[in-house]
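Please read the structure below before turning to the comments.
Only a predicted model underlies this, so the values are computations on that prediction, with no experimental measurement involved. All residue numbers refer to positions in the sequence shown, counting from 1. For ligands, and for the atoms within them, numbers begin at 1 and follow the listed sequence.
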Amino acid sequence: MDKKARLVILISGNGSNLQAILDACEVGRLPARVLAVFSDRGQAYGLQRAEQRQIPTIIIPPTPNRAFYDADLAGQVAVFEPDWVVLAGWMRLLTMNFLSHFPNRVINLHPALPGQFPGVNAIERAFEAYRRGEISQTGVMVHLVPDEGVDDGPLLASQTVLILPSDTLETLTARVHQVEYKLLVETLRGVVTGQIKPESL
Ligand code: GRF
């Protein structure tokens, strides 16, 4: 019997977090299998990363009707019978038309600490806040997506990232990404092995 957790990953771009998941699955660090990778952008480099591992890729370009889009996406994701749906750099807000199909089964990664800098360009906004003297650290969070709240939901894990006086946006971005790769994989490992059990699970 295949005891590996079934994952479907949603991406919109580079897919370096997807790569971290694929690598962890390959070496056995993450007892999971990526069944499919979905993207709303045909140009997303992450699609090539999936294809290199012979993982099915599905592109669903944006449509104006959000309700229809989300219901269609849910139907196509459900075909793969995922245990978990992972938003790894998925840049499109999901409505209940999608989320209600996977209650407590959608996991999001966000490059900021809980409650800080929801939405796009979070690292850049944190860096600007640092330069204004408002914060000294930022971080990364992994959380469940129960509803339409943006980068908000029951926390699975978070990790702080110090911002250094010598940092540029580029060095800070690179450091946040390194933390993301590790935290995402370790959190997924905890979730699929049952070691991480938020109250809502
Ligand atoms: C990551 O920083 C993720 O947290 C954010 O978008 C970025 C995606 O990077 N939502 P990649 O596509 O995984 O390389």
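Look at I11 and you'll find every heavy atom at least 4.0 Å from all atoms of ligand 1. Not a single heavy atom of Q19 sits under 4.0 Å from any atom of ligand 1. The closest approach between a heavy atom of G46 and any atom of ligand 1 is not below 4.0 Å.
The single protein non-hydrogen atom nearest to atom 3 (C) of ligand 1 is E180 OE2, 3.3 Å, given as residue, atom name and distance. The nearest protein atom to atom 5 (C) of ligand 1, hydrogens excluded, is given as P111 CD, 4.0 Å; this is a heavy-atom distance. Taking atom 9 (O) of ligand 1 as the reference point, the nearest protein heavy-atom neighbour is N17 ND2, 3.7 Å.
A donor-acceptor pair is defined here as one N or O able to donate and one able to accept, closer than 3.5 Å; such a pair exists between the side chain of H110 and the backbone of F117. In this structure, the side chain of R92 does not engage the main chain of S12 through any donor-acceptor pair within 3.5 Å.
A side chain to side chain contact (heavy atoms under 4.5 Å, CB included) with R49 holds for exactly one of N14, I55, V37; it is N14.
Geometrically, ligand 1 and G15 share a nitrogen or oxygen pair separated by less than 3.5 Å.
Classification of R53 and D23 as a salt-bridged pair holds, one side-chain N sitting under 4.0 Å from a carboxylate O.
In this structure, of S16, G89, A112, the residue bringing a heavy atom nearest to atom 11 (P) of ligand 1 is S16.
No side-chain heavy atom of V145 sits under 4.5 Å from any side-chain heavy atom of W90.
Looking at T95 and N97, their side chains do bring a donor and an acceptor atom within 3.5 Å of each other.
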